[in-house]
A.B. asks: 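Below you'll find the structure I mean.
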Amino acid sequence: TFLKLLYTGVTRSIEKLFFVETKSSTAGDATMRWLTKKDSDRTSYATRNNINDVEAMSMTSDEFISEGINNAELAQSLDELGQAQLLLERSIWCFEQTDI
């Protein structure tokens, strides 16, 4: 039945599909080596992510860049220094999440 669930998940996913390995395994390591390998004509099929950071898994690099710019612009418009600093730190974090 697990194979049926896997098949259903893979064939029904529309935009993104997440696989989470709860315990390291040889098969999982081999799969990740193959999926993260970049060829000259394409980018990798998969990335390693921290499953404790769901927001980072749900945004693309372009979305992180956009969010970083929005936070920086909002910080610039604020008069309160503490809140502006938090927004700038959030902006830096967003830029660090990109793959460029």
A.B. asks: For residues Met32 and Thr36, report the shortest heavy-atom separation together with the two atoms involved.
C.D. replies: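 The pair with the smallest heavy-atom distance is O-OG1, 2.5 Å.
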
A.B. asks: More than 12 heavy atoms of other residues, nucleotides or ligands under 6.0 Å from CD of Gln85: is that the case?
C.D. replies: no

A.B. asks: Working to the nearest 0.5 angstrom, can you tell me the gap between Leu88 CG and Leu74 CG?
C.D. replies: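 The distance works out to 9.5 Å.
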
A.B. asks: Spell out, as yes or no, whether a donor-acceptor pair under 3.5 Å connects the side chain of Ser91 to the backbone of Leu87.
C.D. replies: no

A.B. asks: If you count every heavy atom of other residues, nucleotides or ligands that lies below 6.0 Å from Leu3 atom CG, does the total exceed 12?
C.D. replies: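 No, CG of Leu3 has 12 or fewer neighbouring heavy atoms, counting only those of other groups under 6.0 Å.
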
A.B. asks: Hey, is the main chain of Ala27 close enough, under 3.5 Å, to the side chain of Thr31 for a donor-acceptor pair?
C.D. replies: yes

A.B. asks: Might you point out which heavy atoms bring Ser61 and Thr98 nearest each other, and give the distance in Å?
C.D. replies: O-CG2, 3.6 Å

A.B. asks: What are the two closest heavy atoms between Ala84 and Leu78, and how far apart are they?
C.D. replies: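 Taking every non-hydrogen atom into account, N-CD1, 4.0 Å.
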
A.B. asks: Which atoms form the tightest heavy-atom contact between Ile65 and Phe95, and what is the distance?
C.D. replies: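 Smallest heavy-atom distance, with atoms named: O-CE2, 3.6 Å.
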
